[in-house]
Novice: 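The structure that follows is given in the form of structure tokens.
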Amino acid sequence: NNPFLDITRGGVNVRTTSFSQEFRYDGRAVEVGFLPGEVVFNGGLSYGYNEFFGSDFAVLGPEFLVTDDVQESYSIGVYGDAAWRPVPQLELTGGLRYSWDHIESRDVTQVTSQTGTPIFLQCFPRIDGEATFGRVVPRAAISYDWSDDLTTFAAYTVGYRPGGTSEIGTAAANGITNNLVLFDEEITRSAEIGVRSRFFNDNMRLTASLYYTQIENYQVPVSQQDLGSSIPPQIALINLGDAESYGAEFGIEATPTTGLLLQGSFGVNFTEITDFRPPRIRDSAGTFLENVDLTGQDLPDAPQFTFTF
């Protein structure tokens, strides 16, 4: 008998509260005494707050299960960049961003009886967890205008996605019980080269680029369950390991007549898991992820071809 087949109905009540604010300074081109050409300085400050409250329930045989989950996150970002044109055709850009993120999670599960007046049976231990992350990430770019209608460019950027906590394990089958497990921040390092061109008095614009991205501590949601537990399968965010992505993108914009803008794009993307390092949890089929080697496989939810118009 599979206890998960005893679920006869379920529901969820979700409430989210979000606030964000950004202050940005866009500078003007100025001359710096010891440098030829002009420099533009930009900067800014951002702040964000997000609260998630979820209360879900399910009927499992003779029991009624209620889970309350509260997650709060705070984020602060400070950034600045400078664009320098030593000659009119050449632009060099460099920038830095510092991001700080704090995440708090609280989770409590109660099980009551459905027979007659609901009687409290048990309450799993309350799960509390918090994590703080901070990182400085750089950005650099170069572009050159070969003519008024042709520009080539190259860029290198480092991306950052904060880590957090996931509830993994509600029974001894995993070797852990009611545990909030920390997942690490995800770091991406991307390089891109491309060309932009304009035709027909700037009424048509074409863009083509090649890119390569390394992903460290790739974050992915997985469905996991504990065999032998009456708790339904849960979604946990984990670090899958390291991965890479590379491909090409093509875009077109056209204004055949005043007031009409046509846009289209096409992309081809190849992905691969280069180092598979999952935590100790079971997937929805009951297999420990650490006993499966997915090195060399494609990333989940990463389409190879994309097209928009």
Side-chain angles (χ1 to χ4, degrees), residues 46 48 50 52 69 71-79 95-107 127-140 155-169 174-176 178-192 211-226 233-247 269-285 287-304:
S46 62
N50 184 74
F52 170 88
D69 178 33
Q71 297 181 7
E72 292 181 289
S73 62
Y74 307 83
S75 63
I76 298 175
V78 181
Y79 57 91
L96 292 174
R97 178 185 179 92
Y98 173 74
S99 298
W100 178 90
D101 296 271
H102 181 76
I103 299 161
E104 298 180 1
S105 298
R106 300 183 297 277
D107 193 348
I127 307 171
D128 297 312
E130 62 180 282
T132 301
F133 301 88
R135 179 171 287 266
V136 177
V137 294
R139 172 180 176 268
Y156 174 79
T157 58
V158 177
Y160 160 82
R161 185 180 179 186
T165 57
S166 280
E167 181 185 353
I168 297 179
N174 274 1
I176 50 178
N178 286 341
N179 196 10
L180 277 182
V181 176
L182 177 71
F183 59 90
D184 291 328
E185 58 192 10
E186 177 184 290
I187 305 298
T188 60
R189 298 175 177 87
S190 302
E192 181 183 20
Y211 64 88
Y212 174 78
T213 301
Q214 289 182 334
I215 309 173
E216 179 182 343
N217 298 325
Y218 180 70
Q219 296 177 4
V220 61
V222 297
S223 175
Q224 62 95 23
Q225 72 181 55
D226 296 324
Q234 300 175 350
I235 300 298
L237 192 61
I238 67 170
N239 295 116
L240 200 62
D242 299 337
E244 65 181 8
S245 171
Y246 57 92
N269 181 48
F270 301 94
T271 64
E272 182 180 346
I273 300 172
T274 57
D275 186 10
F276 186 61
R277 304 188 311 272
R280 181 178 174 80
I281 66 171
R282 294 181 188 268
D283 63 16
S284 57
T287 302
F288 278 113
L289 288 181
E290 64 181 9
N291 295 331
V292 179
D293 188 5
L294 298 182
T295 301
Q297 300 293 315
D298 295 339
L299 287 176
D301 300 322
Q304 185 174 355

Novice: Could you tell me the separation between the CD1 atom of Ile103 and the CD atom of Gln71, rounded to the nearest 0.5 Å?
Specialist: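 The CD1 atom of Ile103 sits 8.5 Å away from the CD atom of Gln71.
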Novice: For the atom pair NE2 (His102) and OG (Ser75), what is the distance rounded to the nearest 0.5 Å?
Specialist: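 Those atoms lie 12.0 Å apart.
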Novice: Residues in ring pair (Phe, Tyr, Trp, His ring centres under 6.0 Å) with Tyr74, at least two apart?
Specialist: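 Counting only residues at least two positions away or on another chain, Tyr74 forms a ring pair (Phe, Tyr, Trp, His ring centres under 6.0 Å) with Tyr49.
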Novice: Using the side chain to side chain donor-acceptor pair (under 3.5 Å) criterion, which residues pair with Tyr156? Sequence neighbours excluded.
Specialist: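 None.
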Novice: Could you check if a side-chain atom of Trp100 sits within less than 4.5 angstrom of a side-chain atom of Val78, using non-hydrogen atoms only?
Specialist: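 SC-SC contact between Trp100 and Val78 ruled out.
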Novice: Quick one: pull up CZ in Arg189 and OG1 in Thr157 and give me the separation to the nearest 0.5 Å.
Specialist: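 The OG1 atom of Thr157 is 11.0 Å from CZ of Arg189, to the nearest 0.5 Å.
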Novice: Between Val158 and Arg97, does the side-chain contact (heavy atoms from CB on, under 4.5 Å) criterion hold? Intermediate values first, please.
Specialist: CA-CA 10 Å; Val158 177; Arg97 178 185 179 92; over 6 Å; no
Novice: Might you work through the side-chain contact (heavy atoms from CB on, under 4.5 Å) test for Ile187 and Arg135, ending with a clear yes or no?
Specialist: CA-CA 10 Å; Ile187 305 298; Arg135 179 171 287 266; 3.2 Å; yes
Novice: For Ser190, give me all partners under side chain to side chain donor-acceptor pair (under 3.5 Å), at least two apart in sequence or on another chain.
Specialist: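 Here the qualifying residues are Thr213.
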Novice: Taking atom OH of Tyr79 and atom CG of Leu96, what is their separation to the nearest 0.5 Å?
Specialist: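 So the OH of Tyr79 and the CG of Leu96 are separated by 13.5 Å.
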Novice: Find the distance between CD (Glu244) and CD1 (Ile273) and round it off to the nearest 0.5 Å.
Specialist: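 The CD1 atom of Ile273 is 11.0 Å from CD of Glu244, to the nearest 0.5 Å.
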Novice: Are Tyr211 and Asn269 close enough, and set up right, to give a side-chain contact (heavy atoms from CB on, under 4.5 Å), and what steps lead you there?
Specialist: CA-CA 9 Å; Tyr211 64 88; Asn269 181 48; 2.7 Å; yes
Novice: Among all residues two or more places apart in sequence or in another chain, which pass the side-chain contact (heavy atoms from CB on, under 4.5 Å) test with Asp298?
Specialist: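 Testing Asp298 for side-chain contact (heavy atoms from CB on, under 4.5 Å), a comparison that skips the adjacent residues, returns Thr271.
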Novice: Could you walk me through whether Phe276 and Leu240 pass side-chain contact (heavy atoms from CB on, under 4.5 Å), step by step?
Specialist: CA-CA 6 Å; Phe276 186 61; Leu240 200 62; 3.3 Å; yes
Novice: Less than 4.5 Å apart, any side-chain heavy atom of Glu186 and any of Ile215?
Specialist: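 Yes, side chains in contact.
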Novice: Using the ring pair (Phe, Tyr, Trp, His ring centres under 6.0 Å) criterion, which residues pair with Tyr246? Sequence neighbours excluded.
Specialist: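 So Tyr246 forms a ring pair (Phe, Tyr, Trp, His ring centres under 6.0 Å) with Phe270.
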Novice: Please give me the minimum heavy-atom distance between Asp242 and Arg277, naming the atom from each residue.
Specialist: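 In this case the closest contact between Asp242 and Arg277 is OD2-NH1, 3.1 Å.
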Novice: How far apart are the closest heavy atoms of Val137 and Tyr160, and which atoms are they?
Specialist: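 Of all heavy-atom pairs spanning Val137 and Tyr160, the closest is CG1-CB, 3.9 Å.
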Novice: side-chain contact (heavy atoms from CB on, under 4.5 Å) with Gln214: which residues, sequence neighbours excluded?
Specialist: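 In terms of side-chain contact (heavy atoms from CB on, under 4.5 Å), with neighbours along the sequence ignored, Gln214 is linked to Tyr212.
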Novice: Between Ile76 and Tyr98, is there a side-chain heavy-atom distance shorter than 4.5 Å?
Specialist: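 In short, these two side chains do not touch, never coming nearer than 4.5 Å.
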Novice: Can you tell me how far CG of Asn217 sits from CG of Asp275, rounded to the nearest 0.5 angstrom?
Specialist: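 Going from CG on Asp275 over to CG on Asn217, the span is 9.5 Å.
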